[in-house]
Structures are given as C-alpha cells and as structure tokens.
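Structure first, then comments.
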Amino acid sequence: MRYLIIMMSECDFYMDLYDDFIGTGNDENNRILWKTHKIIDLMKITNEKDTNGFVENSLRMIMLLFKHFKISSCDLCSFDLFDTPFNEKEELMIILHKEFT
C-alpha cells in the first residue's frame with residue numbers, strides 16, 4: 001500500500017509540473033519562477049531515502065522543460081549522494097542553502 005501512495009504522489013507531482021509549466025506561456029520570467037518553485041516543491045515532498053530515483057527524474061524533467069537547459073554527456077551519469085564524503089556533502093548543503101534562501 002505504501003508503494004501505491006508513493007506512486008500516486010509521483011504521478012500527481014508530474015501532472016502538477018506539466019500543468020504549471022503550460023501556465024507559464026512563453027514568458028521567460030514566469031518560467032524562471034516556475035523552475036525555482038518546482039525545485040522547492042520537489043525538495044519539500046521527498047525524503048532522504050529516494051531509492052526509486054524520483055528526485056533525479058523529476059529534476060531532469062524540470063530542467064528539460066526549462067528551455068535554456070541543454071543536457072550534456074556529464075548529465076547522464078550520477079553519483080549516489082549517500083556514498084559522497086561528508087565534507088563534500090557539507091559543501092553541497094552550503095551551496096543549496098545559498099541558492100534557495
């Protein structure tokens with residue numbers, strides 16, 4: 001049952017993502033705000049044990065919908081944050097904190 005709830009949340013998130021994106025029209029300022037709000041929304045609804053790749057897939061979808069983002073080959077591979085050394089996690093937290101506060 002828990003899996004179904006997670007899947008519904010993921011489905012609902014994607015539906016909301018597309019609906020809000022369509023609502024931005026062609027206005028660049030609205031799209032920038034949309035991207036920022038969707039990333040914040042994603043961080044609010046996820047937990048630190050995302051084993052099914054929901055966060056990574058959602059971030060890719062947000063960035064793909066955001067017109068100026070281009071995928072390069074380095075974007076196609078990822079590193080598990082849980083295996084990252086503590087000091088690198090701390091640096092990442094500082095960067096994210098500055099970005100979203």
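Computed from a predicted structure; not experimentally measured.
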Checklist line | Rounded distance [0.5 Å steps], NZ in Lys35 versus CG in Leu65 | finding: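 Result: 12.0 Å between the selected atoms.
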Item checked: Approximate separation, where rounding is to 0.5 Å, of Glu90 CD and Leu92 CG ->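 So the gap between those two atoms works out to 9.5 Å.
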Could you work out, with side-chain contact (heavy atoms from CB on, under 4.5 Å) as the rule, every residue matching [X], not counting sequence neighbours?
X     : answer
Ile40 : Thr36, Lys44, Phe100
Asp20 : Asp16, Trp34, Lys38
Glu88 : Thr84, Pro85

Item checked: Hydrophobic cluster membership, Leu59 vs Leu33, 4.5 Å side-chain cutoff ->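 Each belongs to a different hydrophobic cluster.
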Note to self: Just so I know, are the side chains of Glu56 and Arg60 near enough to count as touching, which here means a heavy-atom distance under 4.5 Å?
What the structure shows: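 In contact.
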Item checked: Stepwise side chain to side chain contact (heavy atoms under 4.5 Å, CB included) test for Phe21 and Ile62 -> CA-CA 9 Å; Phe21 178 77; Ile62 290 167; over 6 Å; no
Checklist line | Residue pair Asp27 / Asn29: nearest heavy atoms and the distance that separates them | finding: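 Shortest heavy-atom contact: OD1-N, 2.9 Å.
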Next item on the list: List the atom of Asn30, the atom of Thr24, and the distance in Å for their closest heavy-atom pair.
Entry: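 Where Asn30 meets Thr24 most closely, the heavy atoms are O-CG2, 3.7 Å.
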